[in-house]
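Notes for the one structure printed next.
Within every chain, numbering begins at 1; the chains are lettered A, B, ... in the order of the sequence lines, protein sequences first and strands thereafter.
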Number of protein chains: 2
Amino acid sequence: MLDLERHRELLRQCSIAAALETVGERWSFLILRGAFNGLHHFEEFQSTLGIARNILSNRLARLVESGILKRDPDPTDRRRVAYRLTEKGLDLLPVLLSLRQWGERWVAGTSSNPVLVDRATRRQIAPMAVRDADGRPLQRDELEWVDRSELKDKQA
Amino acid sequence: MLDLERHRELLRQCSIAAALETVGERWSFLILRGAFNGLHHFEEFQSTLGIARNILSNRLARLVESGILKRDPDPTDRRRVAYRLTEKGLDLLPVLLSLRQWGERWVAGTSSNPVLVDRATRRQIAPMAVRDADGRPLQRDELEWVDRSELKDKQA
DNA sequence: CCTGTTAGGTTGCAATATGAAACTAACTAG
DNA sequence: CTAGTTAGTTTCATATTGCAACCTAACAGG
């Protein structure tokens, strides 16, 4: 009970911890990346990711339960199930892109494929960056952590 | 050998997978969040995060080996070690912020503390968003995945 | 100097998670 | 009907996590 209470306190204090409860491990991230890249069906995920079937089944179920993916049975073939990103799941795009760009720069050392472009201009999206309220990218020394009570103006 | 080869192929193909090799699990993320929030010492991480000492030791060592944290022994007290983010580690800020904002919106349902502000204006940073090359936020239906060879212009 | 405290670990072992491979149920196509 | 397909489920060996105790080196104070 004390553990549960501390757990809840942690969740209240930190949204990262809350987020990590649902997506905080490697296979979930990779499944999400697959979903963003157009994978839908169990076998697609399994063969593309090379993930054990029981782990895939477990993670898919968890992502569905968390509301990140939804399970769409195919009316024309009752065996087939499409797993699709929900609004909640789609909102993870900045996370995935940030992670990808970091990986490109610091781990893989190469750019990867496919790339995300602005449909209208066909130009690649900008690198994910911390920006001020007007959209100007901020350098790290321009940033500061403050207590929420010290905010200059209330922002939604 | 075949597994190793496939593993390498996956890393080459996807920078997210490469990134997840180093930060792809819950405790690493939470340690990084702690580091961004000013934690430095073993005991600080341990008591703040409530993480098992052996897991903390293992993760810290891994993050140091990956070049994300560096290990700074204190010259005035040789027992003490400060773990600090490297350039590589600091570059994970967009990942952590994206994740945090996602968690605030979809999991915790509340805003968390501390918050990141522009030092000059004291205004809160903008939500992480996917933006075009000029910095304009893009909606999801404005985005498209293309093969790198189809890029309209070469961008660094 | 000795004793107690501190800091950063390490160790042993139980519980839990992962992964390989086989199996199953339901469905579809010919 | 048979054979193949799809999405899982199960079994069991291996790996990882977590609890709690322990250890070592360094320090502080009397």
Please name all residues satisfying side chain to side chain donor-acceptor pair (under 3.5 Å) with [X], sequence neighbours left out, ordered by chain then number.
X: A/Ser28; result: A/Glu25
X: A/Arg79; result: A/Asp77
X: B/Arg131; result: none
X: A/Arg119; result: B/Glu144

So, is B/Trp27 near the phosphate of D/dG18, with a side-chain N or O under 4.0 Å from OP1 or OP2?
->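 Looking at the OP1 and OP2 atoms of D/dG18, one of them is under 4.0 Å from a side-chain N or O of B/Trp27.
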
Are OP1 or OP2 of D/dA7 and a side-chain N or O of A/His41 less than 4.0 angstrom apart?
->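 Checking D/dA7 against A/His41, a side-chain N or O does come within under 4.0 Å of OP1 or OP2.
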
Could you note down all residue pairs passing salt bridge (Lys or Arg N to Asp or Glu O under 4.0 Å) where residues 37-55 of chain B supplies at least one of them, sequence neighbours left out?
->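 Sorted result for residues 37-55 of chain B: B/Glu43-B/Arg53.
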
Does anything in residues 85-104 of chain A pair up under salt bridge (Lys or Arg N to Asp or Glu O under 4.0 Å), and if so which pairs, sequence neighbours excluded?
->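 Of all non-adjacent pairs touching residues 85-104 of chain A, those that pass salt bridge (Lys or Arg N to Asp or Glu O under 4.0 Å) are A/Glu87-B/Arg140, A/Asp91-B/Arg105, A/Asp91-B/Arg140, A/Arg100-A/Glu104.
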
Looking at side-chain heavy atoms only, is the closest gap between A/Asp118 and A/Ile125 below 4.5 Å?
-> no

Atom-to-atom span, [atom1] of [X] to [atom2] of [N] - whole angstrom:
X: A/Leu30; N: C/dT18; atom1: CG; atom2: P; value: 13 Å
X: A/Leu20; N: D/dT17; atom1: CG; atom2: P; value: 14 Å
X: B/Glu44; N: C/dG8; atom1: CD; atom2: P; value: 8 Å

Looking at every strand, decide which applies to B/Arg53 at a 4.0 Å heavy-atom threshold: base, sugar-phosphate, or nothing.
->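 The answer is base, as B/Arg53 lies within the cut-off (heavy atoms under 4.0 Å) of a base atom.
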
For the side chain of A/Arg80, starting at C-beta, report the closest nucleotide among D/dC27, D/dT6, D/dT17.
->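 So the nucleotide nearest the side chain must be D/dT6.
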
Check each residue of residues 54-74 of chain B for a non-hydrogen atom within less than 4.0 Å of any atom in DNA chain D, then write out the ones that pass by number, or none.
->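 Contacting residues: B/Asn54, B/Ile55, B/Arg59.
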
Sequence neighbours excluded, the answer for salt bridge (Lys or Arg N to Asp or Glu O under 4.0 Å) partners of A/Arg136 is A/Asp132, A/Glu142

Kindly give the atom pairs (protein nitrogen or oxygen, nucleotide nitrogen or oxygen) under 3.5 Å for nucleotides 28-30 of chain D.
none

